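One structure, pasted below without further comment.
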2 protein chains.
Amino acid sequence: MGVQVPLYQAKAEFFRMLGHPVRIRVLELLADGPTPVRELLAAIEVEPSNLSQQLAVLRRSGIVTAARDGSTVVYALAGGDVAELMRAARRILTEMLAGREELLAELREAEASSAMPR
Amino acid sequence: MGVQVPLYQAKAEFFRMLGHPVRIRVLELLADGPTPVRELLAAIEVEPSNLSQQLAVLRRSGIVTAARDGSTVVYALAGGDVAELMRAARRILTEMLAGREELLAELREAEASSAMPR
DNA sequence: GGTACACTTGCACAGTTCTTCAATTGCGAT
DNA sequence: ATCGCAATTGAAGAACTGTGCAAGTGTACC
């Protein structure tokens with residue numbers, strides 16, 4: 001029953017895999033259904049080789065699959081509730097950013113009513 | 001009012017912030033309620049200065065707050081349904097890890113213990 | 001004051017990830 | 001066979017992240 005490959009390690013790797021703007025956009029596009037690379041390239045501003053590198057990361061992690069169809073390659077989500085994950089993340093993100101805006105507003109008020117900073 | 005930092009950038013930063021085993025463990029411990037650093041240190045095998053560095057990352061991102069109470073510092077989730085995010089992630093991980101028995105077993109244990117009162 | 005403890009910060013170095021370029025593979029058409 | 005297009009791979013350097021140590025801040029207690 002020993003822990004051989006730590007669970008926290010696996011979770012962290014999963015989140016790290018999501019931690020790139022191009023990879024996020026790809027996953028959101030794939031959430032609407034299987035998509036050829038050509039379309040991903042048209043939708044995301046990125047060099048083809050860079051997109052391929054990011055697709056390779058997603059493939060290696062197992063969250064997407066690739067299938068060749070003639071001369072194009074079509075990517076799809078390997079399964080799972082990716083959309084649900086994104087929704088949960090967006091909810092937390094919204095709260096986090098809202099809190100930050102409030103702090104910024106408070107900071108501006110405090111500066112206006114006290115001595116000038118450096 | 002809205003800052004024009006691309007949304008995908010913000011999402012990627014959010015996930016990258018989660019992409020570290022120590023930070024994951026901290027968030028899961030905090031999901032059970034506010035916790036002093038001393039307890040985090042006892043539960044996670046890590047050097048104090050390393051834990052502090054990871055706590056600083058979480059603080060900077062805004063997902064946790066720190067409050068001094070005497071000589072100890074107590075951390076808490078800043079809000080948001082972190083537990084729900086973790087649940088969605090676990091569901092996807094389960095599918096991705098299908099076939100890797102050890103990790104699946106650990107995921108099931110984690111599910112069981114999170115459903116139990118302490 | 002001084003010592004002890006809890007926690008944090010600065011810093012240097014090791015390790016990892018990102019980006020880009022050039023080279024390559026696979027496929028369809030000529 | 002060769003051309004052109006779609007997509008991938010390999011490799012190198014830049015950029016970023018993680019770690020541990022030493023030094024720092026803040027609090028309590030004598």
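Just so it is clear, the model here is predicted, and its values are computed rather than measured. Protein chains get the first letters and strands the later ones, always in sequence-line order, with residue 1 at the start of each.
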Inset, instruction - Calculate the interatomic distance between A:Arg16 atom CZ and D:dG18 atom P; express it in whole Å. - result: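 After rounding, the reported distance stands at 8 Å.
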Inset, instruction - Would you kindly compare B:Gln53 and B:Leu41 by the position of their nearest DNA chain C nucleotide and give the one closer to the 5′ end? - result: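 The answer here is B:Leu41.
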Legend entry - Rounded interatomic separation in angstrom, taking OH from B:Tyr8 and P from C:dC18: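 The answer, rounded to whole Å, is 19 Å.
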Inset, instruction - Name the nucleic acid region contacted by A:Leu55, choosing base, sugar-phosphate or nothing; use a 4.0 angstrom heavy-atom cut-off, strictly under. - result: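 Sugar-phosphate contact only.
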Legend entry - Under-4.0 Å side-chain N/O to phosphate OP1/OP2 contact, B:Tyr75 with C:dT8: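 B:Tyr75 to C:dT8 OP1/OP2: side-chain N or O found under 4.0 Å.
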Legend entry - Length of the line joining B:Arg68:CZ and D:dT25:P, which is rounded to integer Å: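 It is 13 Å, rounded to the nearest whole Å.
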Inset, instruction - Return yes if the base of C:dC7 and the side-chain atoms of B:Ser71 contain a donor-acceptor N/O pair under 3.5 Å, otherwise no. - result: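 Absent.
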Inset, instruction - State whether the distance check finds a donor on one side and an acceptor on the other, under 3.5 Å, for side chain B:Glu47 versus base D:dG18. - result: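 Donor-acceptor pair under 3.5 Å: no.
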Legend entry - Protein-nucleotide distance (B:Leu40, atom CG; C:dA6, atom P), rounded to Å: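 Value for this atom pair: 14 Å.
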Inset, instruction - Using a 4.0 Å heavy-atom cut-off across all strands, classify B:Thr72 as base, sugar-phosphate, or nothing. - result: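 Sugar-phosphate contact only.
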Inset, instruction - Check whether any side-chain nitrogen or oxygen of A:Gln54 sits under 4.0 Å from OP1 or OP2 of C:dT19, and answer yes or no. - result: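 So the side chain of A:Gln54 is within the cut-off, an N or O lying under 4.0 Å from OP1 or OP2 of C:dT19.
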Inset, instruction - Find the distance between CD (A:Glu47) and OG (A:Ser52) and round it off to the nearest 0.5 Å. - result: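 A:Glu47 CD to A:Ser52 OG: 11.5 Å, rounded to 0.5 Å.
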Legend entry - Polar side-chain atom of B:Thr35 near backbone of B:Gly33 as donor-acceptor pair, under 3.5 Å: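 Yes, the answer is positive, given that a donor and an acceptor are paired below the 3.5 Å cut-off.
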Legend entry - Gap between atoms CG and C1', on B:Asn50 and C:dA14 respectively (whole Å):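 Going from CG in B:Asn50 over to C1' in C:dA14 covers 14 Å.
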Inset, instruction - Provide, to the nearest angstrom, the distance between the CG atom belonging to A:Leu51 and the P atom belonging to C:dT19. - result: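 Taking CG of A:Leu51 and P of C:dT19, I get 12 Å after rounding.
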Legend entry - For atom NE2 of B:His20 and atom P of D:dT19, their distance in whole Å: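 Distance check: B:His20 NE2 to D:dT19 P gives 4 Å.
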Inset, instruction - Would you mind classifying the nucleic acid contact of A:Ser52 as base, sugar-phosphate or nothing, using non-hydrogen atoms under 4.0 angstrom? - result: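 Result for A:Ser52 = base.
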Inset, instruction - Please round to the nearest 0.5 Å and tell me the distance separating atom CE of A:Met17 and atom CG of A:Leu27. - result: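 Interatomic distance, A:Met17 CE to A:Leu27 CG, rounded to 0.5 Å: 6.5 Å.
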Legend entry - Atom pair CD (B:Glu39) and OH (B:Tyr75), whose distance is rounded to the nearest 0.5 Å: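 The OH atom of B:Tyr75 is 14.5 Å from CD of B:Glu39, to the nearest 0.5 Å.
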Inset, instruction - Could you work out which one of C:dT19, C:dG10, C:dC7 sits closest to the side chain of B:Val73? - result: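 The answer is C:dC7, which lies nearest to the side chain.
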Legend entry - Under-4.0 Å side-chain N/O to phosphate OP1/OP2 contact, B:Arg59 with C:dT9: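 For B:Arg59, the contact criterion (side-chain N or O under 4.0 Å from OP1 or OP2 of C:dT9) is met.
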Inset, instruction - Taking the side chain as every heavy atom from C-beta outward, state whether B:Leu18 and B:Leu85 have any pair of such atoms under 4.5 Å apart. - result: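 Yes; the side chains approach each other to less than 4.5 Å.
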Inset, instruction - Round to the nearest Å and state the distance from B:Arg38 atom CZ to D:dT27 atom P. - result: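 Those two atoms, CZ and P, are 16 Å apart.
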